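The shown structure was predicted, so the numbers you read here are calculated from the model rather than taken from an experiment.
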Protein chains: 2
Amino acid sequence: MTTLKELATILNVSVSTVSKALNDSPEIGEDTKRRVKQLAAELDYQPNRLAQQLKSNATKTIGVIIPTIINPFFAEVLHGIENYADSHQYDIITTISNESFDKEQRAIKMLARGSVDGFIVAAARETQMEQKIAHLQSILNNQIPLVMFDRVVDQINCAKVVVDDYESVYNATQNLIEKGRQHFVLFSNIADLSVGKLRSQGFQDALKDAGLTFDVVDLKAIDNLNGKILDYLKTHSNTDAIVSIDHLTGIVALNMAESLGKSIPTDIDIVGFGYTETPLLVNNKIAIIQQKGEAIGFKTTELLLEKIKHKEVSGGDTIVIPNGFNPVY
Amino acid sequence: MTTLKELATILNVSVSTVSKALNDSPEIGEDTKRRVKQLAAELDYQPNRLAQQLKSNATKTIGVIIPTIINPFFAEVLHGIENYADSHQYDIITTISNESFDKEQRAIKMLARGSVDGFIVAAARETQMEQKIAHLQSILNNQIPLVMFDRVVDQINCAKVVVDDYESVYNATQNLIEKGRQHFVLFSNIADLSVGKLRSQGFQDALKDAGLTFDVVDLKAIDNLNGKILDYLKTHSNTDAIVSIDHLTGIVALNMAESLGKSIPTDIDIVGFGYTETPLLVNNKIAIIQQKGEAIGFKTTELLLEKIKHKEVSGGDTIVIPNGFNPVY
DNA sequence: TTGTACGCGTTATCAG
DNA sequence: CTGATAACGCGTACAA
């Protein structure tokens with residue numbers, strides 16, 4: 001990479017003259033400016049960003065820590081974050097915690113050493129389950145702005161962007177109740193997450209409020225998802241309403257029910273979570289609660305850049321981005 | 001952030017003493033080391049990475065430029081890249097070009113100004129279609145190592161990681177021919193991409209080699225994917241073999257065929273592209289050519305880190321990661 | 001109009 | 001054993 005010093009040596013002027021000339025300082029004569037700029041163009045001089053960042057004490061970079069990127073919800077959020085950041089001349093350094101507290105912690109430690117101007121974090125499963133917050137608190141203690149989304153941690157005093165998990169499942173369940181459904185089951189793959197608990201609670205409250213009974217099945221992990229669901233449906237053949245609270249289980253339930261000869265949505269009404277592409281995948285046979293991933297990413301980043309701009313660190317509102325609902329008629 | 005200077009002032013020693021003490025230099029006395037380390041621990045001193053990077057002329061950061069993150073294939077690749085990079089103490093700065101040449105170019109310009117030690121790039125659709133290569137060449141001209149994957153550009157002399165697009169579609173098609181299928185159609189959503197062309201060619205060559213005729217339908221964009229496919233199937237009711245070369249069309253074709261009362265795979269054999277979750281989504285009714293996204297990410301990053309290590313810039317092999325095949329019986 | 005000097009935070013070399 | 005000095009590359013107040 002060409003440096004100011006190199007240009008200066010070649011032109012037999014001082015480094016600062018070159019710097020000023022390139023920044024169009026009025027102190028420098030037109031003739032000198034021309035010479036400097038021409039050589040800079042020839043050698044394709046570009047100022048070193050590390051030096052600028054060190055000097056200005058601003059990196060124009062955001063640290064993003066998310067639990068996974070395979071889940072399309074997080075992919076869409078990342079897309080929103082990157083988009084908003086880019087349009088404000090910010091770069092993003094992304095770390096995927098893989099649901100590991102340890103990796104999350106290491107990433108924060110690393111990036112907090114001057115590499116980023118602010119953090120966007122969705123906590124790992126492990127972090128949420130074991131209520132570990134010291135590493136998140138350390139971000140704020142280091143005077144670095146932080147915004148969390150979706151996987152938030154109540155004890156941390158920062159701006160947050162969440163969805164209306166409880167309400168959207170409550171409403172979707174109520175919708176099924178109004179349609180006259182009687183035998184409800186909830187399939188959950190994420191029972192241990194904050195969002196999973198909220199969604200499950202919404203389901204249970206809606207049915208309790210209506211005086212109906214229900215099953216809650218915790219599928220625990222992704223392996224043999226279809227087998228477990230098939231078994232349930234076989235042994236509970238009167239099931240006529242299924243609510244799934246993750247992005248996969250609803251689709252699998254649809255497939256399993258159909259394989260048992262059920263007609264969907266006539267015999268069984270299914271509600272699942274999903275993202276932009278999901279309705280296409282299921283041919284509109286199941287209702288989809290759509291998380292607005294991109295909008296969440298936008299809002300989260302907007303809040304963070306505001307904080308950076310005003311040099312605020314902690315505090316801030318909790319913004320709710322309502323889920324969309326793609327019903328089946 | 002605490003700095004060396006602050007520690008030095010408090011302890012009444014010089015900055016260099018503090019630095020050496022923290023780095024366990026044998027030049028420093030045990031007693032001094034203890035005092036320095038204790039204060040550093042108390043104030044949670046962490047060396048500023050920007051300064052280290054500037055000094056060492058190495059950022060330990062990789063610039064990743066991909067066309068999209070919504071497509072699960074790229075999400076899986078990114079996952080692989082991040083994983084491999086992290087286990088080698090590298091960060092990644094991710095830019096999503098959104099298939100835009102302009103954004104790709106801007107990102108390269110920005111990151112090439114000292115922010116990264118190397119680039120991983122999958123070219124934008126626009127870049128591939130209009131054969132723009134100057135910005136990619138400029139990476140190499142700046143003496144920065146580059147590895148491309150999937151969306152590669154032939155004219156650029158760098159290491160590449162690709163899949164066996166042609167062969168895998170050729171083989172899958174041949175498989176259908178051997179099963180006695182007669183009326184073939186290929187649905188394509190990505191006709192203008194290098195990978196799309198290869199896949200389409202594999203389909204066409206397999207059928208030509210077998211002396212069969214076929215249709216190739218370019219669906220152009222994602223909107224009304226189902227409507228277009230439904231129309232085709234209605235007007236070509238003898239279709240008994242469908243090959244899809246992207247990750248969505250096969251699933252949509254399955255849904256549309258079933259909605260027309262077809263039994264899959266009995267009446268129509270369908271082959272689609274997909275990723276880890278796809279077989280679960282389609283309940284194994286359609287065969288899936290599985291791109292090994294994570295493996296591609298691993299390999300790409302491995303190649304790049306090798307280059308960085310040995311200070312090689314251009315050149316390098318083209319590695320082929322064979323697609324998996326998930327057949328239907 | 002141009003050049004000198006300093007600082008950002010770190011590390012390495014060289015003196016003392 | 002410790003400290004001063006220079007350097008990475010840039011920008012800017014101040015001096016000439």
Side-chain angles (χ1 to χ4, degrees), chain A residues 1-37 39-40 43-61 109-117 142-144, chain B residues 1-37 39-40 43-61 109-117 142-144:
Chain A
M1 266 194 28
T2 318
T3 65
L4 287 182
K5 194 200 279 188
E6 287 169 27
L7 297 180
T9 317
I10 297 177
L11 292 170
N12 262 315
V13 294
S14 80
V15 172
S16 59
T17 303
V18 177
S19 172
K20 287 174 190 167
L22 291 175
N23 290 321
D24 258 330
S25 160
E27 296 179 28
I28 303 295
E30 282 308 319
D31 186 49
T32 316
K33 278 190 191 172
R34 241 192 314 279
R35 285 172 51 225
V36 170
K37 285 184 179 173
L39 185 66
L43 299 186
D44 193 30
Y45 166 79
Q46 303 284 112
N48 184 305
R49 269 181 98 204
L50 290 178
Q52 290 182 322
Q53 291 171 346
L54 183 62
K55 180 126 189 63
S56 67
N57 198 25
T59 60
K60 288 284 212 169
T61 304
K109 256 213 166 120
M110 205 60 172
L111 297 179
R113 286 170 45 195
S115 292
V116 300
D117 294 344
N142 276 303
Q143 306 301 319
I144 305 176
Chain B
M1 266 193 29
T2 316
T3 66
L4 287 182
K5 194 200 278 187
E6 287 169 28
L7 297 181
T9 317
I10 297 177
L11 291 170
N12 262 316
V13 294
S14 78
V15 171
S16 53
T17 302
V18 177
S19 173
K20 286 176 192 164
L22 290 175
N23 289 319
D24 257 329
S25 161
E27 297 178 29
I28 303 294
E30 282 308 319
D31 187 47
T32 316
K33 277 190 192 173
R34 239 191 316 278
R35 285 173 51 225
V36 170
K37 286 184 179 174
L39 185 67
L43 300 187
D44 192 30
Y45 166 79
Q46 303 285 116
N48 183 305
R49 270 180 97 206
L50 290 177
Q52 288 182 321
Q53 291 171 347
L54 182 63
K55 185 104 185 76
S56 67
N57 199 26
T59 60
K60 287 283 207 169
T61 304
K109 256 212 166 124
M110 206 60 173
L111 298 179
R113 286 170 45 195
S115 292
V116 300
D117 294 344
N142 276 304
Q143 306 299 321
I144 306 177

Tell me whether B:Ser19 contacts the main-chain N or O of B:Val15 through its side chain, where contact means a donor paired with an acceptor under 3.5 Å.
no
Whole-Å distance between D:dC1 P and B:Glu30 CD?
8 Å
When all nucleic acid strands are considered with a 4.0 Å heavy-atom cut-off, which category describes B:Gln52: base, sugar-phosphate, or nothing?
sugar-phosphate
Could you state the CD-P distance from B:Glu6 to C:dC8, rounded to the nearest angstrom?
10 Å
Pick base, sugar-phosphate or nothing for B:Thr32, based on heavy-atom distances below 4.0 Å to the nucleic acid.
sugar-phosphate
Salt bridge present between B:Asp24 and B:Lys37 (N-O < 4.0 angstrom):
yes
B:Leu54 atom CG is separated from D:dG9 atom C1', nearest whole Å, by 6 Å
Indicate, yes or no, whether a donor-acceptor pair under 3.5 Å links the base of D:dA4 to the side chain of B:Ser16.
yes
Can you tell me the distance, in whole Å, between the NZ atom of A:Lys55 and the P atom of C:dT10?
16 Å
Short question: side chain of B:Arg113, backbone of A:Pro47 - any donor-acceptor pair under 3.5 Å?
yes
Can you tell me the distance, in whole Å, between the CG atom of A:Leu22 and the P atom of D:dG11?
9 Å
Sugar-phosphate only, base, or nothing, as touched by B:Leu4 at under 4.0 Å among non-hydrogen atoms
base
Using whole Å, report how far NZ of B:Lys5 lies from C1' of C:dG9.
9 Å
dist A:Arg49:CZ -> B:Leu54:CG (nearest 0.5 Å) comes out at 14.0 Å
What's B:Thr3 touching, base or sugar-phosphate or nothing? Going by heavy atoms closer than 4.0 Å.
sugar-phosphate
Pairwise 5' ranking along DNA chain D for A:Val15 and A:Lys20, keeping only the more 5' one:
A:Val15
Under 4.0 Å, heavy atoms only, any strand: does A:Asn57 hit a base, just the sugar-phosphate, or nothing?
nothing
Give the rounded distance in Å between these two atoms: CE of B:Met1 and P of C:dC8.
13 Å
Would you indicate, yes or no, if C:dT2 has its OP1 or OP2 atom less than 4.0 angstrom from a side-chain nitrogen or oxygen of A:Thr17?
no
note: A:Glu27, atom CD; C:dT1, atom C1'; distance rounded to Å ~ 9 Å
On DNA chain C, compare the nucleotides closest to A:Gly29 and B:Ser19; which residue's is nearer the 5' end?
A:Gly29
Between B:Lys20 and B:Ile28 the two heavy atoms that sit nearest each other are CB-CG1, 3.6 Å
Which of D:dC10, C:dG9, D:dT2 is nearest the side chain of B:Ile28? It is D:dT2
